[in-house]
Amino acid sequence: MNAFSLALRNLLRNRRRSLTTLLAMIIGASAILLFGGYSRNIDLGLETGFVRGSGHLQLQHRDYFLYGTGNPAAYGIAGYSRIVTELQRDPVLAPMLNVVTPSLSIGGIAGNFNAGVSRTVFGSGVDVAGQNTLYQWNDYGFPGVGKTSPLTGSSADAAVIGTGVARVLQLCAPLQVKNCPAAQTSTQDAAQGTAAPDDIAALSAQEAGQGEPQSATRIELLAANAHGAPNVAGLNVIKAEAMGVKEYDDMAVLLHLEKAQQLIYGKEDPKVTAIVLQLKHTSQMPAARARLAELLTGPLQGFDLEVHDFATLNPQYGQITGMFAAILGFIAILIGGIVLFTVSNTMSMAVVERTVEIGTLRAMGLRRVGIRRLFVCEGLLLGALGAVLGALVALALAWLINHAGLTWLPPGNVEPVPLTVRVWGEPAMIIKTALGLMLVATLSAWWPARRAARLDIVDALRHV
Amino acid sequence: MSSVTLKKVSKHYRLGSVDVPALSGIDLDIRPQRFTVLSGPSGSGKTTLLNLIGCIDRPDSGELLVAGENVLALGDNALSDFRARHIGFIFQNFNLIPVLNAFENIEYPLRLTGVAPAERKRRVDELLAAVGLADRARNLPGQLSGGQRQRVAIARALATNPALVMADEPTANLDSHTGAAILELMRNLQRERRMSFVFSSHDPNVLAMADDAVFIRDGHITGIEQRTPELAA
């Protein structure tokens, strides 16, 4: 019969009070774990989304990240094929790589000259095969498979636009865009006011081929080429896709990389604005980054490149995960406080009830530290039981939630996603929560235990 | 040599702003291996004296030697260890640990003094037999009668073979028949084991059994009766 055995028997002595205390801890632990699991799911979901979209790391021309959006063509990476090959063949980097794929960003004006409307857009020329590989990344086992690019198997002049772009360019009907009410007259006037000038329209007509029948979904993309001169690419819009964030949805145009390069660089050597690297696992990022740093000062030295990770490229990732971490921290502190007072109250009542017993044990020769140990063990035991049962309850509730078919619409998403909480498979979170709860319960018991140990023996024996 | 020696021992209690003398200038030798009774009316100071002798309270002044040790010089831990090894306690309300069964209650002081498990079992079994509760070893205190509880408390007090056993009104909560049986048991065990028993009681039956009687009134010793001769050296 050691201190823990005695502590357990004492806890069982007043079952109702111990159960009430335990219940508070179980609720607290499961609340922390469930929200932690929800928050973790959001973190990993966001990470998955961003890694699918922009890879883990990107090689960009120096300063493109800060200044390039104003004139992407000026920050093109020449000889990018050699870089891609170098990365794919690198003995250190290659085993970590899932895909290396280039992309070219374009700023320009898209016009539907049939309707006489246009708007500024932000285009991305992508390698469709590479893009599809990016989309399949699913390191955290989210339900469903990654999407396939709508550009897959399309003609060289195919393009996908945001639904916002489709709305402004009056392409809702041919592209079957939902929730696309007819614009008010004044808006139409405003849109028509941005119609391309005659010379650009002529250039467009020339590019498209005079006299040929125009498709209902054809648009012209006007952009400044590498020398600053205007150039136009005729694009056949095959789909309007909601992009999640309205600002992006109102500007997005996706097209084949070759088409984008043709528009910007013509017959010159094609360039790209980013080389996207997607790793097999996010945990490989530091190693991959270190290797890239070696390559950039070695074989790739002359390219004047810099490396950015997905968190830098997508600042909202850090903002959202930070916000959830802060909420989780707040909840944990709140629950910790409740547990602290609950256990402390239970222990204080136990000390009062067992005052004579404390006096007896002290008279028999138990040292003060022995009394302290007795009550602290009870607190620790309560904490341990609360943590274990809380984790089990959280796992059961998480299973129920994950199988309840609930959905929610995360920020930046277009389609609702399953509402899931990730408790199973997160041992670090469970262990941290359990240890935290045990620590709080032990600390809560410490003060009443100290008070018990300091009781005067004669006074304690006299206690009624 | 005396089992306990008190020289000019005084103890005061503070009740609010009033200083209440509990014991004043007590000089007392308690002879070893005797059944000593501290007798006096309520509030006379006998329990205070018992607490001082039992080393669970400290006097304000004076000297106190227990089993030859100047206990006032001991720190709290050393005094706890001293109590565990040399002093046994029997309380009016038995004060058994309710979550421990009879065996475990008797075993507890042996655990405190680091006695090996096999020896613990041997001693506890022997004590349970001595107090007539061999068949109640696994019973919790709540499953025992008042007399049985006090027997367990007696066995617990004797477990470490202490030099001194302190008993504060041990029969006060028992009916007269059970009280007499308990007294008889204690008297026999004290003789068999040649221990010093110190009682605080105003029960005339207890007083009648005493080897030595110490009479206290208003914090002063008013008389000492030594009814048995000194033991041969």
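These values consider heavy atoms only, across backbone and side chains, with no hydrogens, waters or symmetry-generated copies.
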**Q.** Closest heavy-atom pair and its distance - B/I56, A/V458
**A.** O-CG2, 3.4 Å

Q: Could you tell me which non-hydrogen atom of B/F91 sits nearest to which non-hydrogen atom of A/A363, and how far apart they are?
A: CZ-CB, 4.1 Å

So with a 6.0 Å cut-off around [atom1] of [X], is the heavy-atom count from everything else above 12?
{"X": "A/F341", "atom1": "CZ", "value": "no"}
{"X": "B/R14", "atom1": "CZ", "value": "yes"}
{"X": "B/R217", "atom1": "CZ", "value": "no"}

Are [X] and [Y] close enough that some pair of their side-chain heavy atoms sits under 4.5 Å apart?
{"X": "B/L100", "Y": "A/L6", "value": "yes"}
{"X": "A/M364", "Y": "B/S80", "value": "no"}
{"X": "A/L361", "Y": "B/Y108", "value": "yes"}
{"X": "B/N95", "Y": "A/E357", "value": "no"}

Q) Taking every heavy-atom pair that is under 4.5 Å apart, which of A/T360, A/L12, A/V356 has the most such pairs with chain B? A) A/T360

Q) So which part of A/R13 gets closer than 4.5 Å to some heavy atom of chain B, the side chain, the backbone, both or neither? A) side chain

Q: Could you look at A/L461 and say if it's the side chain, the backbone, both or neither that has a heavy atom under 4.5 Å from chain B?
A: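 It is the side chain, since no backbone atom gets that close.
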
Contact origin within [X] toward chain A - heavy atom pairs under 4.5 Å:
{"X": "B/N51", "value": "side chain"}
{"X": "B/L112", "value": "side chain"}
{"X": "B/F94", "value": "neither"}

Q: If a pair satisfies ring pair (Phe, Tyr, Trp, His ring centres under 6.0 Å) and one of its residues is in residues 49-83 of chain B, list it, with sequence neighbours excluded.
A: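 Counting only pairs at least two positions apart or across chains, the ring pair (Phe, Tyr, Trp, His ring centres under 6.0 Å) contacts touching residues 49-83 of chain B are B/F82-B/H86.
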
Q.
Closer than 4.0 angstrom, basic N to acidic O: yes or no for A/R362 and B/D76?
A. yes

Q. For chain A, which residues of residues 154-163 of chain B have at least one non-hydrogen atom nearer than 4.5 Å to it?
A. B/R156

Q: First locate atom CG of B/L79, then atom CD1 of A/I457, and finally report the distance between them rounded to the nearest 0.5 Å.
A: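 Separation between the atoms: 7.5 Å.
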
